[in-house]
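Below is one structure, written out as structure tokens, with a few remarks after it.
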Amino acid sequence: MSLTALSACDLLAKLDASEVTSAEVTGAFLDRIEAHDGRIGAFLRVDAEAALAQAAAIDQKRKAGNPVGRLGGLPVAVKDLLATEGEVTTCGSRILENFRPPYNATVIEKIRAADGVILGKTNMDEFAMGGSTENSAYQLTRNPWDTTRIPGGSSGGAAAAVAAGMAPLSVGSDTGGSIRAPAGWCGITGLKPTYGRVSRYGLVAFASSLDQIGPLAQTVPDTALLLEVLAGHDPKDSTSVNLPVPRYAETVNQPLKGLRLGIVPEHFGEGLDGEVEKAVREAVAVYESLGATVREVSMPHSKYTVATYYIIAPCEASSNLARYDGVHYGYRTDVKQVAADLEAERKKYEDAGDAAAVENLDSVLVRMYRKTRSEGFGPEVKRRIMLGTYALSAGYYNAYYLKALKVRRLIRQDFDRAFQQVDVIAGPVTPTAAYPIGDKVDDPLAMYLCDLYTATTNLAGIAALSIPCGFSSEGLPIGLHLQAPPFEEERLLRGAAMFQRATDWHLKRPDLGGE
Ligand code: GLN
């Protein structure tokens, strides 16, 4: 079996036993990227030289008998919204085209400290706004199971990289489903940790009360391993919580005895594809066969999820994105051209004797801001900034933003009530399997509706993951969504691993040809 087909845990065992070197493992993944990423488009940038140098240093350390970190030389791909010191970090946007952060995100530091080898930066929807990775300013990413289809988003590159065997592990972010939806659509495992579990220092902010960083991998134990590395309190992120990090990788294979599984009737209603429903119900039956009890728990406010999320997230985004003004970061329009245009306009009005129009001309600075932002942001980002600015403006704030916050609280209370009766909630990740590229680009609302099941997790600040639970008749992966109370990632991982020990959906790999 080739190295790139092995799980991260199996590779780590080989590395620890000195059966392979990190340089060999890293080289194997780099070769696979070279062979297949031209077609898949998962990576925006790959730094083979830096990765091989890092791998060689780890091999040296191991050879000398020095202790190696938790990741022991395993390669990791990272979403391009995590700051990497001195390395281009675009967040999928033109406005950050040449942006080189002066520092590393905390999770990047943690991966390096754990001896993870960073392969490169993965493609994403611009500023993580989107569900298909079609909103990237740079390239399309294709689903490795069917290259005419979307991989999901916004962490589409991170998910496709793992699904295509181009990285054993990757790091994504999830604001309304951006780890779990692409994991589901690409047939891999992806976990959104509890709000506060992982430091977001150095994560380019989208919606700060919702954003979380999390792991994607082939299997649940692989996911547990990477979460253990990523998690933990960070004084540089005041929203990270000061709680000890459980040894997820050690406990992941302990089954949950007497598991009480909840299913939400509201999640099996309108819009849910029949094949997805069937696969999810069969997965629930697998849990029953493993001794779990299943009961329905109602989430009466879940029908407001999409409406609530698409008020709160754009409001926060409009505020977070105000910093891209052509002065502080990244792209700036040609200021000389702006000044020349202004002079030409002034002259035109002066010649026409229109003093009022001359008086009303904006300054070079204001025009520079406007032009920089018009040129630097793509259409979806502009749409969100407009939605958010509108909903936050005087007169609408109470009607939209404040109301959305109140509904958000009700959604959280639905979960609190449900988790008094059940340990884990199971359901579909997305309403359908991966759709064709281009299918929803002209219909933002149709795209937004795909977040129906995932965004509740972020609104409530709880933990959730996606694991493969079947395939559609067209051979596309289907994901099972599991949600757990805040800071119960260990329960989530143990519950998910039970399912993977009883099934083999997670072992199926797409055929990329040329093997
Ligand atoms: N699809 C959702 C959106 O477009 C979620 C994105 C995310 O989680 N970053 O906002």
Side-chain angles (χ1 to χ4, degrees), residues 78-82 91-93 122-136 141 150-159 170-186 190-195 198 200 203-216 305-318 320-321 377-388 391 404 408 429-432 434-435 439-441 443-466 479 481 483:
V78 298
K79 188 174 179 178
D80 202 28
L81 46 43
L82 294 168
C91 211
S93 183
T122 55
N123 195 26
M124 57 182 286
D125 286 300
E126 183 177 6
F127 283 102
M129 297 175 193
S132 65
T133 311
E134 290 164 296
N135 294 336
S136 166
T141 299
I150 55 114
S154 62
S155 313
S170 67
V171 183
S173 70
D174 190 312
T175 305
S178 278
I179 289 175
R180 292 159 289 153
W185 279 327
C186 288
L191 185 145
K192 188 216 85 90
T194 308
Y195 189 76
V198 176
R200 300 175 305 166
L203 166 80
V204 180
F206 161 14
S208 304
S209 78
L210 302 163
D211 298 340
Q212 254 299 288
I213 295 170
L216 297 99
T305 302
V306 173
T308 308
Y309 173 84
Y310 279 95
I311 296 288
I312 293 176
C315 284
E316 295 185 13
S318 71
N320 273 327
L321 271 57
F377 290 135
E380 182 60 28
V381 173
K382 287 178 185 164
R383 185 179 295 122
R384 306 270 179 124
I385 292 173
M386 285 191 278
L387 278 171
R408 177 180 193 171
V429 181
T430 49
T432 65
Y435 50 84
D439 221 29
K440 298 191 200 291
V441 278
D443 190 353
L445 191 58
M447 184 102 66
Y448 298 172
L449 285 170
C450 294
D451 304 330
L452 185 62
Y453 310 127
T454 47
T456 47
T457 310
N458 307 70
L459 289 167
I462 64 172
L465 59 69
S466 171
H481 194 211
Q483 297 171 296

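Just so we're clear, the structure is a prediction, and the values are computed from it rather than from any experiment. First listed ligand is number 1; within each ligand, the first listed atom is number 1.
By the criterion of a heavy-atom distance under 4.0 Å, the side chain of Tyr310, and not its backbone, is placed next to ligand 1. Residue Thr175 touches ligand 1 through backbone and side chain together, judged by heavy-atom distances below 4.0 Å. Heavy atoms of Tyr448 found under 4.0 angstrom from ligand 1: none, in either backbone or side chain.
Distances from ligand 1 to the non-hydrogen atoms of Ala313 include no value under 4.0 Å. Residue Tyr309 places a heavy atom less than 4.0 Å from ligand 1.
Atom numbering of ligand 1 starts at 1 in the shown order; those under 4.0 Å from a heavy atom of Met129 are 4 (O). Within the listing of ligand 1, atoms 6 (C), 7 (C), 9 (N) sit less than 4.0 angstrom from a heavy atom of Ala128. Using a 4.0 Å cut-off to heavy atoms of Ser154, the atoms of ligand 1 that qualify are 9 (N). Using a 4.0 Å cut-off to heavy atoms of Phe206, the atoms of ligand 1 that qualify are 9 (N), 10 (O).
Summarising the contacts of atom 4 (O) of ligand 1 with Arg384, Glu380, Lys79, Lys192, the nearest heavy atom is found in Arg384. Among Gly153, Gly177, Ser132, Ser178, the residue whose heavy atom sits closest to atom 9 (N) of ligand 1 is Ser178.
Side-chain atoms of Ser93 and Glu126 include a donor-acceptor pair closer than 3.5 Å.
Checked options Thr454, Asp174, Thr430; the residue passing with Arg180 is Asp174 (criterion: side chain to side chain donor-acceptor pair (under 3.5 Å)).
Trp185 and Tyr435 have perpendicular rings, their planes meeting at more than 60° on a 0 to 90° scale where under 30° would count as parallel.
Looking at Thr457, its side chain never comes within 3.5 Å of a backbone N or O of Ile462 through a donor-acceptor pair.
For ligand 1, the polar-atom distance check against Gly176 finds a nitrogen or oxygen pair separated by under 3.5 Å. Note: no N/O pair closer than 3.5 Å links Asp174 and ligand 1 by distance alone.
By the side-chain contact (heavy atoms from CB on, under 4.5 Å) test, Thr194 is found to be paired with Arg197, Ala463, Pro486, Phe487, Glu489, residues two or more places apart in sequence or in another chain being considered.
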- Message: Does Arg384 form a side-chain contact (heavy atoms from CB on, under 4.5 Å) with Ser318? I'd like the steps, not just the answer.
- Response: CA-CA 7 Å; Arg384 306 270 179 124; Ser318 71; over 6 Å; no

- How far apart are the C-alpha atoms of Leu216 and Ile179, what are their side-chain angles, what is the distance that settles it, and do they pass the side-chain contact (heavy atoms from CB on, under 4.5 Å) test? CA-CA 7 Å; Leu216 297 99; Ile179 289 175; 3.8 Å; yes

- Query: How far apart are the C-alpha atoms of Met129 and Leu321, what are their side-chain angles, what is the distance that settles it, and do they pass the side-chain contact (heavy atoms from CB on, under 4.5 Å) test?
  - Reply: CA-CA 12 Å; Met129 297 175 193; Leu321 271 57; 3.8 Å; yes

- Message: Checking Thr175 against Tyr309 for the side-chain contact (heavy atoms from CB on, under 4.5 Å) test, could you report, in this order, the C-alpha distance in whole Å, the side-chain angles of both residues, the deciding distance, and whether it holds?
- Response: CA-CA 9 Å; Thr175 305; Tyr309 173 84; 3.7 Å; yes

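Among protein heavy atoms, atom 2 (C) of ligand 1 sits closest to Asp451 OD2, 3.1 Å.
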